[in-house]
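This report concerns only the one structure given below.
Protein chains get the first letters and strands the later ones, always in sequence-line order, with residue 1 at the start of each. It should be emphasised that the depicted structure is a prediction, and the values quoted were computed from it without experimental measurement.
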Amino acid sequence: MPRTGHCGTWRLVMANRIPARELVKQKGQLADDVVALKVDGRVVDLHTPIAEDATFEVVRATDKDGVQVIRHSTAHVMADAVQRLFPGTKVTIGPAIEDGFYYDFDKPGGGFSEEDLATIEKAMLDVVAGNTPFRREVVSRNEALALFEKMNESFKVEIIRSIPEDEEISLYKHGTAGKDEWVDVCEGPHVPSTGFLRAVKLTSVAGAYWRGDERNPMLQRIYGTAFPSKEALEEHLKLIEEAKQRDHRKLGKELDLFFFDPVAPAMPFLLPRGAYVYNRMVDYVRKLYVEYGYEEVITPQAFDPKLFRTSGHLGNYNENMYRLWTEDVLEEGQAVDAKDAKDADPAKKLAKHLQDHSFALKPMNCPSHCVIFGQRKRSYRELPWRVADFGRLHRYERGGVVHGLSRVRTFCQDDAHVFCTRDQVPQEIEKFIKLLYAVYKAFAFDRIDIKLATRPDKRIGSDADWDMSENALREGLERAGLPFEISPGEGAFYGPKVEFHVYDALKRGWQTGTIQYDPNLPERFELAYTGEDGKDHRPVMLHRAVFGSLERFFSVYLEHCGGNFPAWIAPTQAIVLTVSDKSEAYGRSVVEELRASGLRVEGDFSADKLGAKIRAARTFRHPYMLVVGPKDAEAGTVSVRSRDAGELGAMPRAEFVAKLLAESASPR
RNA sequence: GCUGGCGUAGCUCAAUCGGUAGAGCACCUGUUUUGUAAACAGGCGGUUAGGGGUUCAAGUCCCCUCGCUAGCUCCA
């Protein structure tokens with residue numbers, strides 16, 4: 001989620017300055033809803049002195065920038081209220097974010113409770129009612145340090161110290177001087193006065209590390225949001241409620257798609273209906289693999305750890321790998337142990353033995369594919385070789401990060417590796433992107449964010465290789481004409497990656513597809529192909545996945561369609577509802593006939609009344625309901641009710657079969 | 001892993017100050033014979049996540065473990 005900057009400073013380099021408010025007033029543009037103005041693309045507040053001949057645009061409360069100003073100001077008011085109610089609490093940073101704002105506090109004696117939020121909110125309303133102006137004041141570094149040192153605001157002192165020497169330091173104050181004034185070091189801008197903050201809501205509390213580093217102390221974060229009007233706030237809260245209804249964890253339960261059980265934490269059980277959707281996803285890419293020239297392999301699940309030493313996983317991915325032990329390995333380890341117990345800690349020796357000998361569940365398919373490539377002599381004529389694998393992967397994820405199907409400990413990727421020459425890389429990237437967009441279109445995704453993740457600190461391979469591979473990916477994206485952002489340091493340990501992100505119902509972004517350039521694994525596995533010149537050459541390797549994890553893509557897709565699967569992928573395409581048991585025989589014959597035509601059809605022959613059957617079928621979101629009663633039995637029809645188009649009336653069975661078969665074809 | 005919150009029937013949720021564990025839905029059995037968003041009656045279903053403690057008495061208070069959850073950190 002993008003964040004705006006924290007409270008820092010920026011520099012003014014202008015002469016003949018007058019307060020911005022005066023200038024706006026002179027031009028007759030000072031309306032009630034003007035919260036700031038924009039000069040040279042930078043948002044400044046109405047108190048900031050600017051050049052008297054500056055050109056500007058007013059920023060209104062309802063503008064995107066204006067809303068951010070309101071939220072940032074609200075964060076100040078919240079910090080004010082918190083410090084008043086909880087003396088001794090230190091302030092840190094408090095930016096505006098996409099849907100609101102937060103402020104991180106260092107509060108002695110534990111966090112804030114839900115009741116605290118209500119109290120804080122009330123105190124904030126008092127500050128708003130006071131309607132005191134926000135005042136900007138430029139101070140020297142030493143003045144700022146002296147002020148915050150005196151206030152014992154150690155985090156602010158640290159922030160001030162980290163501000164570059166050539167930047168101006170500004171303070172923002174609100175409240176009444178000498179009475180209830182509150183001050184923060186901040187670059188602004190802010191609304192003219194606290195009275196501009198009309199619709200404020202504190203939403204949640206959470207822990208957050210100082211400066212986002214888990215080695216630092218944990219602070220108490222309060223999230224809130226603010227809008228230009230009460231109506232806009234209400235609207236936003238309503239949208240959040242609706243989004244919760246789409247949460248894939250809720251839909252998964254309601255639609256009998258999957259569940260979790262503590263016997264296998266963060267590892268989903270896919271029920272028949274969920275497994276159906278999952279399998280159709282696999283079918284869909286398999287079909288494209290034919291067209292795009294992939295071959296599929298099946299590889300082992302568990303490996304001698306030597307494999308992962310060769311691949312580098314043991315050094316770089318160890319903490320995410322599950323290990324298997326057997327009685328034999330354990331006994332060997334204990335025997336080694338007893339023999340050498342004099343010169344080493346027995347527990348450590350056993351641990352070492354297990355680390356060296358207990359098999360590991362694969363967290364990725366790439367090492368297997370390297371083994372396959374190296375299994376016999378390869379020719380340049382075979383390249384590019386695209387090898388796909390739907391193998392099940394296991395990765396141990398720390399407790400706090402797992403999330404429904406989106407982040408699990410066992411999953412399957414629509415994984416494939418492309419072994420090719422360096423020259424073939426750009427065209428392979430282009431080809432992959434074409435494949436990826438075809439799939440995303442089939443699943444009706446229109447918004448996809450692309451990021452180029454570059455070399456991380458913890459990595460293997462030379463800098464020259466990284467330069468080359470990062471450039472190759474950048475060129476591939478540029479050739480495809482796709483806009484992307486750079487995520488510095490976010491690459492995999494073996495190579496940079498292009499990440500394709502989509503968003504869940506609650507606007508959390510998830511990486512799905514990816515393509516990664518890897519010059520390292522072929523090196524480590526000493527892979528070679530025989531070139532035209534009869535000599536050995538090292539191939540390079542691309543890791544790529546369109547869905548990424550099938551589980552994650554399923555979760556995002558489920559939320560995207562709200563459980564209303566289109567007919568081609570819906571577990572049940574139609575359900576026959578009998579009006580009474582007088583029509584049961586006809587109803588059963590309809591089910592049979594439709595199934596014989598290849599349609600996925602169920603019947604509801606319970607003693608419920610029709611209305612109840614319809615209600616049940618609707619909550620299950622089946623694409624079609626086929627009502628059958630004596631009239632239909634007489635005429636040989638079904639009365640069709642479409643989930644998406646409403647009642648379609650009675651039609652001959654053959655007509656419905658043709659219609660649904662046409663809709664059952666997977667998208668192209 | 002960290003900081004909060006939560007965990008009661010398959011699901012959604014009740015249970016006052018610590019005082020007999022309950023409802024609706026689902027499921028089963030009947031009755032009803034039904035034409036486009038919930039017919040009626042009865043029944044089944046629980047070691048209140050697990051373990052320990054305080055107490056005459058614990059779903060409720062305390063401790064530990066497990067799981068879920070919102071963030072943080074990490075990641076497909």
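Pairing of B:C66, defined by two Watson-Crick or G-U wobble distances under 3.5 Å, is identified with B:G7. In this structure, B:A58 forms no base pair with any nucleotide, since neither Watson-Crick nor G-U wobble geometry is met with both distances under 3.5 Å. The partner of B:A39 is B:U31, judged by Watson-Crick or G-U wobble contacts that both fall below 3.5 Å. Pair assignment for B:C75 gives none, since no Watson-Crick or G-U wobble pairing has each distance under 3.5 Å. Remark: B:A26 base-pairs with no nucleotide; criterion is Watson-Crick or G-U wobble with both hydrogen-bond distances under 3.5 Å.
Ring centers of A:Tyr440 and A:Phe553: under 6.0 Å apart, within the cut-off.
Nearest nucleotide to the A:Ser204 side chain, out of B:U36, B:A76, B:A70: B:A70. Comparing B:G71, B:G1, B:C75 by their nearest atom to the side chain of A:Arg221 picks out B:G71. Distance from the side chain of A:Val205 is smallest to B:G4 among B:G4, B:G71, B:C2. Taking the side chain of A:Leu610 as heavy atoms from C-beta on, and the options B:U33, B:U36, B:C74, the nearest nucleotide is B:U36. With B:C72, B:U33, B:U31 as the choices, the nucleotide that has an atom nearest any side-chain atom of A:Asp581 turns out to be B:U33. Comparing B:C75, B:C72, B:G1 by their nearest atom to the side chain of A:Arg398 picks out B:G1. Checked against B:G35, B:C72, B:A38, the side chain of A:Ser639 finds its nearest nucleotide in B:G35. Checking B:U34, B:A70, B:G1 against the side-chain heavy atoms of A:Arg249 singles out B:A70 as nearest. Of the candidates B:C75, B:U73, B:G35, B:C75 carries the atom nearest the A:Glu490 side chain, counting heavy atoms from C-beta on.
Taking atom CD of A:Glu584 as the reference point, atom C1' of B:U34 lies 14 Å away to the nearest angstrom. As rounded to whole Å, 12 Å separates atom P of B:A70 from atom OH of A:Tyr223. Look at CD on A:Glu319: it is 14 Å from P on B:G1, rounded to the nearest Å. Rounded to whole Å, atom P of B:C74 lies 17 Å from atom OH of A:Tyr396. Per the geometry, CD belonging to A:Glu115 stands 15 Å off P belonging to B:G4, to the nearest Å. Atom pair A:Phe620:CZ and B:A38:P shows a separation of 18 Å (rounding to whole Å applied). A straight line from NE2 of A:His403 to P of B:U73 spans 16 Å, rounded to a whole angstrom. One atom, NE2 of A:His394, and another, P of B:A76, lie 17 Å apart when rounded to the nearest Å.
Remark: A:Glu241 does not engage A:Lys238 in a salt bridge, criterion side-chain N to carboxylate O under 4.0 Å. Under 4.0 Å is where a charged nitrogen must lie from a carboxylate oxygen, and between A:Arg249 and A:Asp247 at least one such pair does. Checked for salt-bridge contact, A:Arg398 and A:Glu214 meet the test: a charged N lies under 4.0 Å from a carboxylate O. A salt bridge links A:Lys497 to A:Glu499: at least one charged side-chain nitrogen sits closer than 4.0 Å to a carboxylate oxygen. The pair A:Arg273-A:Glu602 meets the salt-bridge criterion, since a charged nitrogen lies less than 4.0 angstrom from a carboxylate oxygen. Contact check on A:Glu428 versus A:Arg544 returns no salt bridge, with no Lys/Arg side-chain nitrogen under 4.0 Å from an Asp/Glu carboxylate oxygen. Taking 4.0 Å as the cut-off between side-chain N and carboxylate O, A:Glu296 and A:Arg286 count as a salt-bridged pair.
Here A:Arg215 lies out of heavy-atom contact (under 4.0 Å) with every strand. At the heavy-atom level, A:Glu114 lies nowhere under 4.0 Å from the strands shown. Residue A:Ala266 is classed as a sugar-phosphate contact, given heavy-atom separations below 4.0 Å to backbone atoms only. Using a 4.0 Å heavy-atom cutoff across all strands shown, A:Gln511 reaches sugar-phosphate atoms only and no base atom. Across all strands, A:Phe553 comes closer than 4.0 Å to no nucleic acid atom at all (heavy-atom distances). Residue contacts for A:Gly212: at a heavy-atom cut-off of 4.0 Å it reaches the sugar-phosphate backbone alone, with no base atom in range. Among the protein residues, A:Val628 comes within range of no part of the nucleic acid, since none of its heavy atoms lies under 4.0 Å from any strand. If you check every strand for non-hydrogen atoms under 4.0 Å, A:Asp632 touches a base.
Nucleotides B:A9 and B:A23 place their P atoms 14 Å apart, quoted to the nearest Å. Separating the C1' atom of B:C68 from that of B:G50 is a span of 15 Å, rounded to the nearest Å. Spacing of C1' atoms, B:C56 relative to B:U20, comes out at 16 Å, to the nearest Å. The P atoms of B:U3 and B:U65 are separated by 12 Å, rounded to the nearest whole Å. Taking atom P on both B:U60 and B:C6, the two are 13 Å apart, rounded to the nearest angstrom. Between B:G7 and B:A15, the distance separating the two P atoms is 11 Å to the nearest Å. Atom name C1', nucleotides B:A14 and B:G52: the rounded distance is 28 Å, in whole Å. Here the separation of B:U31 from B:C17, taken at their P atoms, is 47 Å to the nearest Å.
Between B:A70 and A:Arg508, a contact under 4.0 Å exists linking OP1 or OP2 to a side-chain N or O. Checking the phosphate oxygens (OP1, OP2) of B:U34, a side-chain nitrogen or oxygen of A:Lys582 falls inside 4.0 Å. Close to B:U12, at under 4.0 Å from its OP1 or OP2, lies a side-chain N or O of A:Lys253.
Here the side chain of A:Arg409 pairs no donor or acceptor atom with the backbone of A:Met267 at under 3.5 angstrom.
Under the stacking criterion of a centre-to-centre distance below 5.5 angstrom and an interplanar angle below 30°, A:Phe411 sits stacked against the six-membered ring of B:A76.
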